[in-house]
2 protein chains.
Amino acid sequence: MPRSANSPKSGPRTTARAAAAQDGATEPVDSSFLRTLVGYNARRAALSIIEVFMQRMSAYDLKVVEFSMLSLVGHNPGITSRQLCATLGVLPPNLVGLIAALERRGLIKRLPHPSDGRAMGIHLTAAGTELMQEAEQTVAQLEVEATSRLTDAERKTLIRLLQKIY
Amino acid sequence: MPRSANSPKSGPRTTARAAAAQDGATEPVDSSFLRTLVGYNARRAALSIIEVFMQRMSAYDLKVVEFSMLSLVGHNPGITSRQLCATLGVLPPNLVGLIAALERRGLIKRLPHPSDGRAMGIHLTAAGTELMQEAEQTVAQLEVEATSRLTDAERKTLIRLLQKIY
DNA sequence: TATTGTTATACTCTATAACTATA
DNA sequence: TATAGTTATAGAGTATAACAATA
């Protein structure tokens, strides 16, 4: 049975992908060309951080995209599915199940949209608010650890340069 | 029928993911918390560049991972599957089909490993070498365009900081 | 006519178990 | 016993078409 990123309270554990990348105590490989590419380095760095992210969020039984959804709902009460899709780059049919799961868990609730009868406004429940207060603190702490080899100034510079790209 | 990332000569076209992220000419969304996270920004930047990457590589009928494989084989003649897996973070069972496809297209060939009877050394064919000379030039050009809002110094700094993370 | 949210569905990517041949 | 490569397969992620309700 494959490891579920959602299994609650499963302690820190490396992903199979990371394992595949680490076993290689074999011959060194020249990846100098790939390392000259911003895209390659950005992807490697993102995967490295997201791996830790998944480990820590498993304590809350949250996938990365679920954390992002809850964070956006928390900071944008009444946000619609359509806006979540646009912000997260998720297609509408694929968001349906994610929203349903969070609603079943009692973390979000959907209310009729005040001005658009087609849409539903999404809000955090009290339980969702409580969960996210802890989860966002955990994530902020995780960020510090994941970028511990950077100074504060470097970290700010890095974020500024990344945002200039997208 | 879904769009194949491999359909040759398909011209530049936006991905559905990017489309989902752009339609939103609607209400602005506050994503200030997510934007403080290195992981979030690195993922967004990587996706932004990889989208252009996919468009350009479709001219060579190459997926991102296939380009990476060919580049590594080109710079490491005789590299084994195991080494490719470790360097790219791909699990062995998932590499089998990728190697078979590139071999069928006559871009790589596999020769018995000189010192390990279990392994096969992977090499570029003449056709593979020719293709990669063009493809790597295209990628280098693409990188310049994708990071056109960065100065040369910023680009170097960005790569250095990203590599400090992973 | 266009948009929100939805169902159904298909393709791709990623992961695990288990096998073989060789070390 | 361990490792390289492979097969089969399951699960997660991502994509398109088409529909009902509302704008």
Side-chain angles (χ1 to χ4, degrees), chain A residues 1-7 13-21 23-27 43 47 50-51 54 58 63-66 68-69 78-86 88-101 103 110-122, chain B residues 1-7 10 13-21 23-27 43 47 50-51 54 63-66 68-69 78-86 88-101 103 110-122:
Chain A
M1 188 186 301
R3 164 182 165 76
S4 163
N6 266 357
S7 53
R13 177 189 178 279
T14 189
T15 63
R17 166 174 238 136
D23 291 354
T26 53
E27 304 289 304
R43 180 162 180 278
L47 287 176
I50 285 171
E51 184 191 347
M54 289 193 298
S58 69
K63 293 187 279 197
V64 175
V65 68
E66 289 174 328
S68 302
M69 289 167 65
I79 193 173
T80 65
S81 318
R82 188 68 195 74
Q83 289 176 299
L84 279 179
C85 285
L88 296 173
V90 174
L91 292 168
N94 300 330
L95 196 71
V96 174
L98 291 167
I99 289 180
E103 195 170 27
R110 290 189 294 168
L111 305 174
H113 192 281
S115 63
D116 189 336
R118 297 167 301 181
M120 299 285 281
I122 308 173
Chain B
M1 187 185 301
R3 163 182 164 77
S4 163
N6 265 355
S7 53
S10 64
R13 177 188 176 279
T14 191
T15 62
R17 166 174 236 136
D23 291 356
T26 51
E27 303 289 302
R43 179 160 182 277
L47 287 175
I50 285 172
E51 185 191 348
M54 288 194 298
K63 294 186 276 198
V64 175
V65 68
E66 290 175 327
S68 302
M69 290 168 64
I79 193 174
T80 65
S81 316
R82 189 67 196 72
Q83 289 177 299
L84 280 180
C85 285
L88 297 174
V90 175
L91 293 167
N94 300 330
L95 196 71
V96 173
L98 291 167
I99 289 180
E103 194 170 27
R110 289 189 294 169
L111 305 175
H113 192 280
S115 63
D116 189 336
R118 297 168 302 182
M120 300 285 281
I122 308 174

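FYI, side chains are in, hydrogens and waters are out, and symmetry mates aren't considered; it's all heavy atoms of this structure.
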Determine: side-chain N/O of [X] to OP1/OP2 of [N], distance under 4.0 Å, yes or no.
X: Lys63(B); N: dC13(C); value: yes
X: Ser81(B); N: dG5(D); value: yes
X: Arg110(A); N: dT6(C); value: yes

Item to complete: Go through the steps to decide whether Val65(B) and Val90(B) satisfy the test side chain to side chain contact (heavy atoms under 4.5 Å, CB included), and finish with yes or no.
Response: CA-CA 9 Å; Val65(B) 68; Val90(B) 175; 4.2 Å; yes
Check the distance between [N]'s [atom2] and [X]'s [atom1] and give it to me in whole angstrom.
X: Met120(B); N: dT3(D); atom1: CE; atom2: C1'; result: 16 Å
X: Gln83(A); N: dT3(C); atom1: CD; atom2: P; result: 15 Å
X: Ile79(B); N: dG5(D); atom1: CD1; atom2: C1'; result: 15 Å
X: Leu95(B); N: dC13(C); atom1: CG; atom2: P; result: 13 Å
X: Ile122(A); N: dT4(C); atom1: CD1; atom2: C1'; result: 12 Å
X: Ile50(A); N: dA12(D); atom1: CD1; atom2: C1'; result: 15 Å
X: Leu111(A); N: dG5(C); atom1: CG; atom2: P; result: 13 Å
X: Leu84(A); N: dT6(C); atom1: CG; atom2: P; result: 12 Å

Counting heavy atoms from C-beta on, name the nucleotide in [options] closest to the side chain of [X].
X: Asn94(A); options: dT14(D), dT7(C), dT6(D); result: dT14(D)
X: Thr80(B); options: dA15(C), dG5(C), dG5(D); result: dG5(D)
X: Leu91(B); options: dT16(D), dT6(C), dA15(C); result: dA15(C)

Restricting to side chain to side chain contact (heavy atoms under 4.5 Å, CB included), what partner residues turn up for [X], sequence neighbours left out?
X: Ile99(A); value: Met69(A), Ser81(A), Leu95(A), Ile108(A), Arg110(A), Ile122(A)
X: Arg118(B); value: Asp116(B)
X: Leu111(B); value: His123(B)

Fill in: Reported CG-to-CG distance for the pair Leu88(A) and Asn94(A), which is rounded to 0.5 angstrom
12.0 Å
Discussion item. Nearest 0.5 angstrom please: Met120(B) CE to Ile79(B) CD1, how far?
Written reply: 14.5 Å
Response to the item:
In B/S/- notation (B base, S sugar-phosphate only, - none; protein heavy atoms under 4.0 Å), nucleotides 18-23 of chain C written 5' to 3' is ---BBS
Worksheet entry | Step-by-step side chain to side chain contact (heavy atoms under 4.5 Å, CB included) determination, Arg43(A) to Val64(B) | CA-CA 12 Å; Arg43(A) 180 162 180 278; Val64(B) 175; 5.9 Å; no
